[in-house]
Amino acid sequence: MERKTANVIVIALGLSFLFAGACSTSPPPPDESEIQKRTAEALKRFDDMKFGMFIHWGLYAIPAGEWKGKYVRGIGEWIMFREKIPVAEYEKLAEQFNPVKFSGDEWAQLAQDAGMRYMVITSKHHDGFAMFHSKASPYNIVDATPYGKDPMKELSAACARRGIAFGFYYSQDQDWHEPNARGNTWDFPEERNPEIYLRNKVFPQVEEILSNYGKLALIWFDTPGILSEAQVTELRDLVKRLQPDCLLNSRIGHGKGDYIQTGDNAIPIQVYTKDGKWEVPATLNDTWGYKKNDHHWKDPRDLIGKLADIVSKGGNYLLNVGPTAEGVIPKPSQDILRTMGKWLEANGESIYGASPSPFYFPDITWRATVKPGKLYLHILNWPGKKFRFEGLESEVKRAYFLANGDEVPFRRDGAALIFDLPAQPVDPYDTVLVLELADETPRVADGYRAGQLPDRMDLYAWAARLRGEEIRYDFDTLSATNFVPAEQFANELWWYPYGALDGEYEVELTYACDNAEAGGTLRLATGGRRTPRKSGIEWKVSATGGKFVTRKLPGKITVDPKTGMIILGIDGEQSSGIRVRKITLIRQTV
Ligand code: FHN
């Protein structure tokens, strides 16, 4: 074609788009101030919801943690990466994917029964397979599987019918199916051009999930890596232009999120409100995607306690289920979630819409949440018939159990209140004691306030992340055990300061160790997931005859506001029976 003619055509095409744009009925995109306003309103709604269902569902549910007859350690949705499965082999799984037992109504009903107010499901995880009908890539559930339907349509509609807010997880940076995305170096060892991956897949698919499934409460981006700030900004602007009320989590990268995503199963050690809203993504066992051999289900007592713990510190709890390849949420997951839902039916007033605690938490006996004129004390570990609660200056007009309304006698003893409790907990998981206050907001005595951390501070094993597939928590002894040495995914306790600590600390350890288990090496280190660990203390574990004792460890650890984690591990084949209840940090004032 003659160049002149070609130019005329290009200009005409350009004008036609311009013209179409000018006449299009769609409203102009909101300006930044409108976006900020709507984001603030959306964050308030998100904060009130407190508790959501996370769903990891994809082709990885077919191998379900096993590849060519071999058990594959680690989280199930990473099997393609761990086993370096070639794309040509992995994508054949799509030919088997036929979740005939999937029911959007059943999944949404479970979320409702569990008291979960929002849902986030993987639209595309790192393996690159789209669980929705995508015109941007034929590698999707409608075009590439015998199932041939779009479950996200059914699920988003089922949530809308129940008033459950709906959102998508989307892996915007890692994609092991694509040569220009991050992650697959075994099929694609050459240099990447992320711009190609973004233009051809990410932007078109994010536009599809924003356009075809109704109102989204949020998009949950994950593992930000090689995308530039400009690329992430463009991605954020695309979301806000199409759905200004749609929130973004911080894992979009480059500080472009609307709220903070903590690490996986990572809960700040104390009340954490200085950086705004945050959310903890957590598993019910040790994996996100379904693994047929992962039966390490968490205790509802632990999970209900963690819900109270997270809300009392200012966060939301996003608890995960990993459905099978047939489309069924494992029965143990369902049972746990329904137990949580029953507790919330009786005690939800102390969770939904509640504000974080104004108190520092001295131990793991109680947590606190707040509403105007009310203080909710979540008694997680029963203190016996006398409950001494210190630091509240407000007058208490009335005290009663939320679940049954029974009045609780109390008297004031200086800065403390003494409550007369029944011998046994009212609720096996979390007994909520409501204090009706004379003040709109609780007045807290100096020295007891959130943020006023003492120079001697306990970090309990219960408040740590149990990292590893063998480590266990025992409620009878309130201690963690089974620190089995493992080359990959060591069994450790990880505590997350989130900027609460700064300085040098001596450390005491409260633990029990039978004589036969002594002699191993306890390691205490600080660091982050991606920063080198600074080992602080190494100590040969001495026997205690099986009784719990407290011993001073040699040396010190240094924690600064950027410290990601405090890590405790125990080496030595004989050590697995050691029980760790807590460590106590003793600030070294200079
Ligand atoms: O790599 C993913 C992982 O598979 C899972 O989706 C978790 C959920 O928080 N996010 C990443 C690891 O942090």
Side-chain angles (χ1 to χ4, degrees), residues 51-65 67 72-85 90 93 116 118-131 167-178 181-185 202 209 218-227 247-253 257 259-268 278-291 294 298 303 306 310 315-323 333 465-469 488-489 492 494 496 498 528-531 564-565:
F51 189 33
M53 178 182 274
F54 209 177
I55 304 177
H56 278 67
W57 193 36
L59 297 182
Y60 38 79
I62 298 172
W67 193 254
V72 179
R73 272 179 90 89
I75 46 186
E77 68 284 1
W78 271 69
I79 195 163
M80 180 181 174
F81 186 93
R82 297 234 188 284
E83 291 302 298
K84 300 294 179 280
I85 303 168
Y90 185 86
L93 292 170
M116 294 165 143
Y118 63 107
M119 181 187 282
V120 181
I121 185 166
T122 48
S123 62
K124 178 194 76 75
H125 204 268
H126 308 330
D127 63 359
F129 185 74
M131 291 296 288
F168 280 120
Y169 168 109
Y170 189 87
S171 175
Q172 77 281 14
D173 193 289
Q174 283 200 76
D175 189 319
W176 307 324
H177 192 261
E178 304 296 335
R182 178 164 65 93
N184 182 337
T185 52
V202 175
I209 61 178
L218 59 95
I219 296 188
W220 210 95
F221 289 107
D222 204 4
T223 64
I226 56 177
L227 300 189
L247 292 174
L248 306 170
N249 67 335
S250 55
R251 291 190 192 178
I252 185 172
Y259 70 89
I260 293 167
Q261 201 69 60
T262 68
D264 295 351
N265 292 292
I267 302 172
W278 49 278
E279 177 193 57
V280 178
T283 52
L284 277 176
N285 48 6
D286 290 327
T287 178
W288 305 92
Y290 175 66
K291 284 182 82 175
D294 183 338
K298 291 170 183 168
L303 296 160
K306 291 291 194 298
I310 289 165
N316 275 23
Y317 198 20
L318 184 65
L319 202 45
N320 182 75
V321 295
S333 300
R465 172 184 180 182
L466 303 186
R467 168 78 172 165
E469 297 188 355
Q488 210 186 17
F489 314 112
E492 297 173 331
W494 291 6
Y496 296 86
Y498 272 89
R529 272 187 61 85
R530 289 180 184 76
T531 52
M565 304 179 298

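The first residue in the sequence is number 1, and the count goes up from there. On a predicted model such as this, the values are computed, not experimentally measured, just so you know. Ligands are counted one by one from 1 in listed order, and the atoms in each one are counted from 1 as well.
- Close contacts of ligand 1 with Glu77, meaning ligand atoms under 4.0 Å from a residue heavy atom, involve 3 (C), 4 (O), 5 (C).
- At a 3.5 angstrom cut-off on N or O pairs, Gln174 does not count as close to ligand 1.
- With hydrogens and angles ignored, the 3.5 Å screen pairs a side-chain donor or acceptor of Gln172 with a backbone N or O of Arg251.
- The protein heavy-atom contact nearest to atom 12 (C) of ligand 1 is Asp264 OD2, 3.3 Å.
- In terms of protein heavy-atom proximity, atom 6 (O) of ligand 1 is closest to His56 NE2, 2.7 Å.
- The shortest N or O to N or O distance between Thr223 and ligand 1 is not below 3.5 Å.
- In terms of modelled atom types and a separation under 3.5 Å, the side chain of Ser250 and the main chain of Gly257 share no donor-acceptor contact.
- Asn320 contributes a side-chain N or O that, together with a main-chain N or O of Trp288, makes up a donor-acceptor pair within less than 3.5 Å.
- No side-chain donor from either of Thr185 and Lys84 sits under 3.5 Å from a side-chain acceptor of the other.
- At a cut-off of 3.5 Å, with distance as the only test, no side-chain donor of Tyr60 or Asp127 sits close to an acceptor on the other residue.
- Remark: side-chain polar atoms of Arg73 are not paired, donor with acceptor, to backbone N or O of Glu469 under 3.5 angstrom.
- Residue contacts with ligand 1 include Arg251, since one or more of its heavy atoms lies under 4.0 Å from the ligand.
- Checked by distance only, ligand 1 and Trp78 come closer than 3.5 Å through their nitrogen or oxygen atoms.
- Closest to atom 11 (C) of ligand 1 among all protein heavy atoms lies Asp222 OD2, 3.0 Å.
- The main-chain N or O of Ser171 is found under 3.5 Å from a side-chain atom of Lys124 such that the two form a donor-acceptor pair.
- Close approach to His126 involves these atoms of ligand 1, each under 4.0 Å from a residue heavy atom: 1 (O), 2 (C).
- Not a single N or O atom of Trp220, backbone or side chain, sits closer than 3.5 Å to an N or O atom of ligand 1.
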